[in-house]
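Structure record follows, encoded as structure tokens.
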Amino acid sequence: MVHRFTLTTPLYYVNDKPHIGSVYTTLAADAMARWRRLQGDRVCLITGCDEHGLKIQRSAAAAGVPTQDYVDRMAGHFAALWQRIGISHDRFVRTSAPRHQGLVHEFYERVRRNGHIRMGQQQGWYCVACEEFKDVDNEDGGTPRCAIHDRPLEWRDEENLFFCLSHFQEPVTRLVERESFIGPPSRRREVQRFVEAGLRDFSISRVDLPWGIPVPHQPGHTFYVWFDALLGYITALGSPDGPQDLTTALASGWPAQLHLIGKDILRFHAVYWPAMLLAADLPLPERVFGHGFLTREGRKMGKTLGNTLDPEALFAKVGVEPVRWYLLRDIQFGEDGDIQQKRFLDLVNNDLANTIGNLVNRTVSMSRRWFEGCVPPEGEEDAASHPLAPVATAATARVGRCFARQDLQGAAMATLGLAEAVNGHLSEQAPWSAIKDASRRDGVAAVLYGVLEATRLVGLCLQPLVPELSNRLLIQLGCEPLDSRHGLPPGAWERLVRWGGLPHGQPLPEASPLMARLELDGDL
RNA sequence: GGCUCGGUAGCUCAGCCGGUUAGAGCGUGGGAUUCAUAACCCCAAGGUCGGGAGUUCAAGUCUCCCCCGAGCCA
């Protein structure tokens, strides 16, 4: 049976060009999507852009271009970058698209009819950068500043529509208690406390903000960005050309199995969003996972600090796969992570070029030289009795368990561990000595067969993490590359990872380095 | 200011319900080897587990206070 697996990145706010944080989330989501596709699932990886709000309207004005042109350009940067680095998304949704507006209206009507919308007076200090009202003490009477953005707040006193979040105190409380709903576990309590403190209705419309989706029957009102942005996940599921309504979209992969987000927007996804869905009688996403933030050489990245890492420049300098490997393998997914140049070079060179690349190189060279350019026969004993067989089977199983709980680092380490075990086995067996004794030729064949086979499994496990490298590895062994963008039929993965899948006598192409060691002059 | 998470070898981190000499990878030093991308393999040094007090026969592991970092809410 085919399982659906819908997972999302955030819809990135197009206030600016993509930064390394968005790249990180997207790479992680891509790896997970590829993994699910290899397992035979029908995956829908959704990404896209969130394009409404005052901040964007002002950025466009500051740039002196019409707002739509501005967001078109910014969304273009995102789309181009994902294309360039081989992200395997199935949908790229933009909240300024007309079809999104229709869906937001339909959703809103549903919530309103269910009695969860009311009119209210919103009075208070507003932070344009947060796109939120702030509760502040303002005893001295001056203009308060946003604690997060350190910029002056703006006073607002307007009649807004409110979403009755308070109606959902009980179901949301129960939802966030569920262990599986919020990951990683260390983030769950924070949300629970927030909910326990009491859910308050929040305003979902703004006045005098032309850059937004108009609220039906409320002239002058547009929807609050978050209200419309979250619905982008559902819009994305509708077919771009077919009918544009909730029902159609919902039948195509809702609810999502996983929302992958940064830890800063956990509240929106784990509290507001489920309540909105409940208000519209729609099913809830299965899981929300908030990963950590990246720092660089121990410091927060920021424009003011001048230490941002421009993704375009980074990929141009070192290529995609080293960055993918480094971020996914060195950072415990969920925790914060620090990007360090020296460590980046050390890890990429050690893991990819040395441990794995060199392993492929040496095994292929030996087999070619001593066994007529082919995969050697397994020898007298059964292939499955090879000492590497249980090691490899355990490793592939562990990779699967790691992916199931979003442990990308664990999956990378399990894969790397297998490669290390194979290298160790080679040193122990020293086939280069044994081959000098003609009577031991069968033994050497058995050793090399096992080593090649285990290396093939390393290549398979590498696929979701570094697909290009994985395919180069498989090709080096004379095997078919995998297509993790389109996936495999159900059951195919189990067959592929079964020990002994490498055919004897399969011709091996001439060995060439899988990945050259990275040298870097200057900074990343 | 409140809430949540974290502060363990030079670096990144594992250490479940408290219990023998606190672990891994990277980095560093040494050795072995030659099939291979100066690579691979083996070994070693390195930590008063943020600070202080307490509970206990026994605390990195529990309690309290303080300091530092991050996120959320004010």
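Side-chain atoms are counted along with the backbone in the values below, which use heavy atoms only and exclude waters and symmetry mates. Chain naming here is simple, since letters A, B, ... match the order of the sequence lines and numbering starts at 1 in each.
- Residue A:G424 is classed as a sugar-phosphate contact, given heavy-atom separations below 4.0 Å to backbone atoms only.
- Side chain of A:N361, nearest nucleotide from B:rG71, B:rU37, B:rC40: B:rU37.
- Across A:L426 and A:P431, no two heavy atoms sit closer than the pair O-CD, 3.6 Å.
- Glycosidic torsion of B:rG46 falls within 90° of 0, placing the base in syn.
- Contact annotation: side chain of A:R193 to base of B:rC3, donor-acceptor pair absent below 3.5 Å.
- In this entry the distance linking OH of A:Y326 with C1' of B:rC26 reads 11 Å, nearest Å.
- Pairing for B:rC13 is with B:rG23, a Watson-Crick or G-U wobble pair whose two hydrogen-bonding atom distances lie under 3.5 Å.
- Taking CD of A:Q476 as the reference point, atom CG of A:L514 lies at 6.0 Å (rounded to 0.5 Å).
- A:E335 comes within contact range of no nucleotide atom at all, as no heavy-atom separation falls under 4.0 Å.
- The two atoms that bring A:Q122 and A:S203 nearest to each other are OE1-CB, 3.3 Å, heavy atoms only.
- Checking A:W370 against A:I265, the closest nucleotide of RNA chain B that is more toward the 5' end is the one next to A:W370.
- Within the shown strands, nothing qualifies as a pairing partner of B:rC35 under the Watson-Crick or G-U definition with both distances less than 3.5 Å.
- A distance of about 28 Å separates the C1' atoms of B:rC62 and B:rG1, rounded to the whole Å.
- The separation of B:rG15 from B:rG19, taken at their C1' atoms, amounts to 14 Å, rounded to a whole angstrom.
- Between A:D407 and A:R401, no side-chain nitrogen of the basic residue sits less than 4.0 Å from a carboxylate oxygen of the acidic one, so the salt-bridge criterion is not met.
- Between B:rA45 and B:rG29, the two C1' atoms lie 8 Å apart (nearest whole Å).
- Of the residues in residues 344-351 of chain A, those with a non-hydrogen atom less than 4.0 angstrom from any atom of RNA chain B are A:D346, A:N350.
- Straight-line distance from the CG atom of A:D336 to the P atom of B:rG69: 14 Å, rounded to whole Å.
- For A:R200, counting side-chain heavy atoms from C-beta on, the closest listed nucleotide (B:rC40, B:rA74, B:rU37) is B:rA74.
- Following rounding to the nearest Å, A:M413 (CE) and B:rG23 (P) show an atom-to-atom distance of 18 Å.
- Within the shown strands, B:rC73 is the pairing partner of B:rG1 under the Watson-Crick or G-U definition, both distances less than 3.5 Å.
- Residues from residues 507-514 of chain A placing a heavy atom under 4.0 Å of any atom in RNA chain B, listed by number, are A:P513, A:L514.
- Under 4.0 angstrom from either OP1 or OP2 of B:rC5 there lies at least one side-chain N or O belonging to A:R189.
- The aromatic rings of A:F78 and A:Y12 sit parallel to each other, their planes meeting at less than 30°, with 60° as the upper class boundary.
- In this structure, A:K300 reaches the B:rG71 phosphate: one of its side-chain N or O atoms is under 4.0 Å from OP1 or OP2.
- Nucleic acid contact for A:R369: sugar-phosphate only, since backbone atoms but no base atoms lie under 4.0 Å from a heavy atom of the residue.
- Taking atom C1' in both B:rG60 and B:rG50, one finds a spacing of 12 Å when rounded to whole Å.
- Contact annotation for A:R368: no contact, since no heavy-atom pair falls under 4.0 Å across all strands.
- With P as the reference atom, B:rG51 and B:rA9 are 10 Å apart, rounded to whole Å.
- Only the C1' atoms considered, B:rC3 is 38 Å distant from B:rG46, to the nearest whole Å.
- Atom CD of A:E196 and atom C1' of B:rU4 are 12 Å apart (whole Å).
- With rounding to whole Å, A:F289 atom CZ is found 14 Å from B:rC5 atom C1'.
- Cation-pi geometry between A:K55 and A:Y13 is not met: the NZ or CZ atom fails to fall both under 6.0 Å from the ring centre and inside 45° of the normal.
- Rounded to whole Å, the separation between the P atoms of B:rG6 and B:rC43 comes to 33 Å.
- When both pairing distances are held under 3.5 Å, B:rA44 makes a Watson-Crick or G-U pair with B:rU28.
- The side chain of A:N354 contributes an N or O atom lying less than 4.0 Å from OP1 or OP2 of B:rC40.
- Relative orientation of the A:H269 and A:W226 rings is perpendicular, given thresholds of 30° and 60° on the angle between their planes.
- By the 30° and 60° cut-offs, the orientation of the rings of A:Y272 relative to A:F268 is perpendicular.
- Base pairing of B:rG6: its partner is B:rC68, meeting the Watson-Crick or G-U wobble criterion (both donor-acceptor distances under 3.5 Å).
- Rounded to the nearest Å, the gap between the P atom of B:rU61 and that of B:rC16 is 11 Å.
- The minimum heavy-atom distance linking A:I182 with A:A270 is given by the pair CD1-CB, 3.9 Å.
- The A:E420 side chain lies nearest to B:rC41 when the options are B:rC41, B:rC11, B:rC72.
- Atom pair A:D264:CG and B:rC3:C1' shows a separation of 17 Å (rounding to whole Å applied).
- Ring geometry, A:F333 versus A:H291: the interplanar angle falls from 30° to 60°, so the pair is classed tilted.
- Panel note: side chain A:N471, backbone A:L482; a donor-acceptor pair is recorded below 3.5 Å.
- A:Q409 has its CD atom 14 Å from the P atom of B:rG25, to the nearest Å.
- Within the shown strands, nothing qualifies as a pairing partner of B:rG60 under the Watson-Crick or G-U definition with both distances less than 3.5 Å.
- Among all heavy-atom pairs drawn from A:A454 and A:L418, the shortest one is O-CD2, 3.9 Å.
- Using a 4.0 Å heavy-atom criterion, one finds that A:R329 contacts the sugar-phosphate atoms exclusively.
- You'll find that the side chain of A:Q340 is closest to B:rU12, out of B:rU12, B:rC40, B:rG27.
- Contact check, A:R343 against B:rU12: no side-chain N or O comes under 4.0 Å of OP1 or OP2.
- In the displayed structure, A:R441 atom CZ is contacted under 6.0 Å by more than 12 heavy atoms of other residues, nucleotides or ligands.
- Residues A:S365 and A:L416 both approach RNA chain B. Their nearest nucleotides, taken by heavy-atom distance, put A:L416 toward the 5′ side.
- In this structure, CE of A:M366 is placed 10 Å from C1' of B:rC40, rounded to the nearest angstrom.
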